[in-house]
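Here is the structure we will look at.
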Amino acid sequence: MALSKTLKLATFNVNGIGTRLPHLLAWLEKEQPDVVALQELKTVDATFPAAELEAAGYGAIWHGQKSWNGVALLARDAVPVESRRGLPGDPRDEQSRYIEAAIHGIVVAGLYLPNGNPRPGPKFDYKLAWMERLIRHARTLVDLPHPAVLMGDFNVIPTDIDVYDPKAWRKDALIQPEVRAAFERLLAQGWADALRRVSGEKVIYTFWDYFRQHAERDRGLRIDHLLLNPALAKNLKDAGVDRWVRLQPKASDHAPTWITVRAPAGV
DNA sequence: ATGGCTTGTCTTACAAGA
């Protein structure tokens with residue numbers, strides 16, 4: 001038997017793939033992830049940089065949108081086999097926030113959960129409704145015999161240790177009790193929060209805003225998550241955040257967040 | 001309570017982000 005192979009899965013909110021392509025390519029080259037979920041492409045399908053990613057060794061599928069949102073999945077030396085784009089449950093929803101594919105033997109859901117500010121208001125209502133649709137769809141994935149991951153920018157601060165100053169954020173949509181409760185209900189289906197599972201109670205941030213040198217001062221939030229179904233969680237090896245990407249000039253406000261897993265049998 | 005900064009856009013102001 002061959003030694004079991006390790007796969008690295010990562011999520012990265014690029015905050016505009018047009019501006020951030022050099023950062024993305026440098027990160028791919030250095031860290032060599034096998035599976036990547038991207039959020040906030042902020043570009044239409046026609047201008048997604050598929051050729052540049054192909055040249056870097058990555059097959060891709062993407063769901064763009066003018067100016068806002070937009071998600072993609074990348075596969076190193078492979079092409080993602082798309083199973084879904086867009087969450088079921090609201091045919092009128094035109095925001096590009098969900099894409100799903102089979103990659104290297106894993107069901108991979110890449111998501112960009114709505115921010116929800118300002119609150120209260122229609123954007124917060126949309127966030128809560130989107131979370132209900134995610135919970136309903138995730139129910140169909142969690143008990144699969146195949147490994148599955150939900151990864152992306154969840155725009156949810158799960159607990160007070162996931163924010164540098166809970167009081168400063170207490171009115172924000174990312175920290176509201178009903179948002180946290182919905183995230184807890186998602187986890188309660190059987191999903192493992194991989195960063196927490198690996199790191200215990202350690203403080204981990206994945207986002208630092210552009211104000212007051214928050215990145216350099218490490219005043220951040222943990223809002224990018226990788227949730228693993230039981231079939232994948234049993235293969236979890238390690239997890240982390242590539243904070244060095246956030247400290248580059250002209251960086252996204254998010255850093256790539258990753259796990260390593262033992263590859264599924266037959267991959 | 002606000003603003004601080006960054007992105008993309010039918011740009012020189014605005015909406016949206018978190």
Side-chain angles (χ1 to χ4, degrees), chain A residues 11-25 27 37-49 62-72 93-98 110-131 134 151-180 182-183 195 203-225 241 243 245-257:
Chain A
T11 177
F12 184 19
N13 179 325
V14 293
N15 188 15
I17 199 167
T19 295
R20 221 68 66 197
L21 185 59
H23 295 77
L24 174 60
L25 293 174
W27 169 69
L38 301 176
Q39 303 88 38
E40 281 207 89
L41 303 178
K42 293 187 172 181
T43 192
V44 294
D45 284 343
T47 46
F48 182 83
W62 59 93
H63 191 196
Q65 183 180 329
K66 186 180 172 185
S67 304
W68 318 118
N69 308 319
V71 287
D93 185 0
E94 296 187 342
Q95 300 189 28
S96 298
R97 295 182 175 277
Y98 186 91
L111 63 94
Y112 177 43
L113 207 150
N115 173 294
N117 284 304
R119 178 202 66 87
K123 294 195 173 187
F124 191 66
D125 297 341
Y126 174 69
K127 176 176 195 159
L128 294 177
W130 204 94
M131 293 187 84
L134 177 63
M151 62 174 165
D153 177 357
F154 280 70
N155 274 314
V156 175
I157 299 169
T159 73
D160 281 356
I161 71 168
D162 298 310
V163 48
Y164 65 91
D165 183 355
K167 281 202 298 191
W169 287 79
R170 71 188 184 285
K171 294 189 174 178
D172 195 276
L174 279 59
I175 203 173
Q176 294 312 305
E178 57 267 58
V179 168
R180 285 179 162 177
F183 187 73
L195 273 283
V203 170
I204 308 161
Y205 299 137
T206 67
F207 164 92
W208 301 258
D209 69 31
Y210 289 120
F211 307 126
R212 303 185 188 115
Q213 296 191 297
H214 276 170
E216 293 77 2
R217 296 163 56 207
D218 199 18
R219 293 170 69 78
L221 314 175
R222 188 174 74 97
I223 54 176
D224 301 274
H225 306 301
V241 179
R243 184 166 173 238
V245 178
R246 178 64 182 87
L247 298 173
Q248 299 291 108
K250 300 288 288 178
S252 168
D253 39 10
H254 295 253
T257 304

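Lettering follows sequence order; numbering is per chain, from 1. We use all heavy atoms of the structure for the numbers below, so side chains are in, but hydrogens, waters and symmetry mates are not.
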Check the phosphate of [N] against [X], side-chain N and O only, distance under 4.0 Å to OP1 or OP2. Yes or no?
X      : N      : result
A:Y126 : B:dA16 : no
A:N155 : B:dA18 : yes
A:R20  : B:dT7  : yes
A:N13  : B:dA18 : yes
A:T19  : B:dG8  : yes
A:K171 : B:dA1  : yes

Looking across every strand, which nucleic acid part, if any, lies under 4.0 Å from [X] by heavy atom: base, sugar-phosphate, or nothing?
X      : value
A:D172 : nothing
A:F154 : nothing
A:H254 : sugar-phosphate
A:D153 : sugar-phosphate

TODO: Please test A:D218 against A:W208 for side-chain hydrogen bond (donor to acceptor under 3.5 Å, both in side chains), starting from the C-alpha separation and ending with a verdict.
DONE: CA-CA 7 Å; A:D218 199 18; A:W208 301 258; 2.9 Å; yes
- [ ] For B:dT11 versus B:dA15, give the span between their P atoms, rounded off to a whole number of Å.
- [x] 14 Å
Open item on the list: Between B:dG8 and B:dA18, how many Å separate the two P atoms, rounded to a whole number?
Closed with: 14 Å
Open item on the list: Would you compute the distance between atom CG of A:D153 and atom CG of A:N115 and round it to the nearest 0.5 angstrom?
Closed with: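 Those atoms lie 8.5 Å apart.
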Open item on the list: Using a distance-only criterion (donor-acceptor N/O pair, under 3.5 Å, no hydrogens), is the base of B:dA18 paired with the side chain of A:N115?
Closed with: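 Yes, the side chain and the base share a sub-3.5 Å donor-acceptor pair.
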Task: Assigned partner base of B:dC10, Watson-Crick or wobble definition, under 3.5 Å - done: none
Task: Strand partner of B:dG17, provided both Watson-Crick or wobble distances fall under 3.5 Å - done: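 Looking at the geometry, B:dG17 pairs with B:dC5.
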TODO: Of all the heavy-atom pairs spanning A:S96 and A:N69, show the shortest one and how long it is.
DONE: O-CB, 3.4 Å
Candidate nucleotides [options], ranked by approach to the side chain of [X] - the nearest:
X      : options               : value
A:K66  : B:dG17, B:dC10, B:dT7 : B:dC10
A:Y210 : B:dT6, B:dA16, B:dA18 : B:dT6
A:F211 : B:dC5, B:dA16, B:dA18 : B:dC5
A:K250 : B:dT7, B:dC5, B:dG17  : B:dT7
A:K123 : B:dA18, B:dT9, B:dG17 : B:dG17

Open item on the list: If the test is side-chain hydrogen bond (donor to acceptor under 3.5 Å, both in side chains), which one of A:N155, A:T206, A:T257 qualifies with A:D224?
Closed with: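 Only one of A:N155, A:T206, A:T257 forms a side-chain hydrogen bond (donor to acceptor under 3.5 Å, both in side chains) with A:D224, namely A:T206.
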Task: Rounded distance (Å) that lies between atom P of B:dG4 and atom CZ of A:R217 - done: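 The answer, rounded to whole Å, is 16 Å.
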Open item on the list: For the aromatic rings, using the six-membered ring if either is Trp, is the centroid distance between A:Y98 and A:H63 under 6.0 Å?
Closed with: no
